[in-house]
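As structure tokens, the structure follows; a few thoughts come after it.
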Amino acid sequence: MPDKKKYAIGVDFGGTSIKFGIVSQAGKIVRKMALETKADEGPKAVIKQILKGIRELSKDEKYKISGIGVGSPGIISIKKGTVENPPNIRGWGKVHLGRIIEKETGIKTFVENDANTAALGELIFGTGKLFNSFVMVTLGTGVGGGLIFDRKLYRGETGGAGEIGHVTINMNGKRCNCGSYGCIEAYTGINYLIDDVRELLGSRKESKIYEILENDLDLLTPKIISMAAESEDEFAISVINDVGNNLGCALATVCNILDVTTIIIGGGVAGFGKRLFEAIEKTARERVLKSLAPRVRVMPAKLKNDAGIKGASALVFYKK
Ligand SMILES: [Zn+2]
């Protein structure tokens with residue numbers, strides 16, 4: 001007997017793998033799978049992989065699929081369902097991905113930028129359920145953001161609203177991937193952060209990080225820094241506090257501009273845990289306008305593993 005509840009297929013379209021899941025309206029993944037993106041083989045091969053995963057899941061008659069949601073990097077047009085120039089996928093250009101999927105599967109399809117789907121995922125299934133307005137920040141390779149106002153996603157003029165990663169925290173600072181200088185992403189994006197920490201470790205031979213890595217600094221990850229901090233390594237603690245202070249500064253600006261003071265943080269670097277959240281909140285409160293300070297709260301995202309699949313599926317359940 002087919003299940004009468006509503007389900008969506010969420011597709012987390014990344015540069016190296018594509019993750020697929022059947023997600024219930026309550027946010028539970030009942031089936032999932034992953035395929036290689038095959039980015040090197042060009043757009044046709046990539047689209048084939050996307051359709052292969054969707055077909056595999058949608059033939060499961062146990063679940064009634066109400067729609068398909070795709071979270072994708074790049075510039076997305078919601079109306080046309082196009083995806084333009086996602087990084088890491090060679091020769092992509094502009095693809096009517098939504099239209100292709102609908103035509104091939106006969107299922108209504110929604111496509112959205114992955115930073116925005118992360119915010120929608122929290123709104124529909126996560127910490128954001130409790131709040132009407134919040135800023136979602138994803139700390140990963142990049143620092144992404146999404147804005148929810150009065151339970152609606154604010155997309156801006158082109159869908160790129162919430163690019164918090166490129167708030168300047170130091171006008172004479174480091175060069176950022178975007179071409180500007182001193183962006184918060186150039187300090188807290190995973191690759192930048194790991195490079196900085198490796199360099200600093202040169203003069204911090206006493207740090208427990210050496211012991212944990214058996215002196216192989218190539219293996220350094222945020223998780224290792226976190227482990228060292230948990231064993232009270234002073235250097236690791238100072239790294240996490242610095243990340244928190246930098247983010248707190250950038251987020252104070254965001255709170256001042258928007259008059260939104262609830263901040264939800266997810267992504268790999270958020271794994272630094274309580275220490276990071278406390279540092280962000282403390283700095284944001286110190287830096288924000290006094291009238292806003294008592295309202296500032298910084299909370300972890302609820303969706304962790306599979307946040308990408310759930311966020312994409314939230315596109316189907318979200319009432320525009
Ligand atoms: Zn930048």
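Counting convention: from 1, in listed order, for ligands and their atoms alike.
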Spacing of Ile22 atom CD1 and Met33 atom CE [to the nearest 0.5 Å]: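 Separation between the atoms: 10.5 Å.
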- request: Dump the intermediate steps for side-chain contact (heavy atoms from CB on, under 4.5 Å) on Phe125 and Leu120, then the final yes or no.
  value: CA-CA 8 Å; Phe125 304 127; Leu120 284 177; over 6 Å; no
query: Residues sharing Ile237's hydrophobic cluster, by side-chain heavy-atom contacts under 4.5 Å among ILVMFWY, directly or via others?
result: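 In the cluster with Ile237 there is nothing else; it is isolated.
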message: Do the side chains of Arg155 and Glu112 get close enough for a salt bridge, i.e. N-O under 4.0 angstrom?
response: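 Result for this pair is yes, salt bridge flagged.
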- prompt: Going hydrophobic residue to hydrophobic residue with side-chain gaps under 4.5 angstrom, can you get from Ile309 over to Tyr7?
  reply: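 They do not share one cluster, since no chain of ILVMFWY contacts under 4.5 Å joins Ile309 to Tyr7.
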- prompt: Listing residue and atom name, which protein N/O/S atoms are closer to the Zn ion (ligand 1) than 2.8 Å?
  reply: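 As for protein N, O or S atoms lying under 2.8 Å from the Zn ion (ligand 1), they are His166 ND1, Cys176 SG, Cys178 SG, Cys183 SG.
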- prompt: Cut-off 3.5 Å, side chains only: do Thr283 and Asn245 have a donor facing an acceptor?
  reply: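 Note: Thr283 and Asn245 side chains meet the donor-acceptor criterion.
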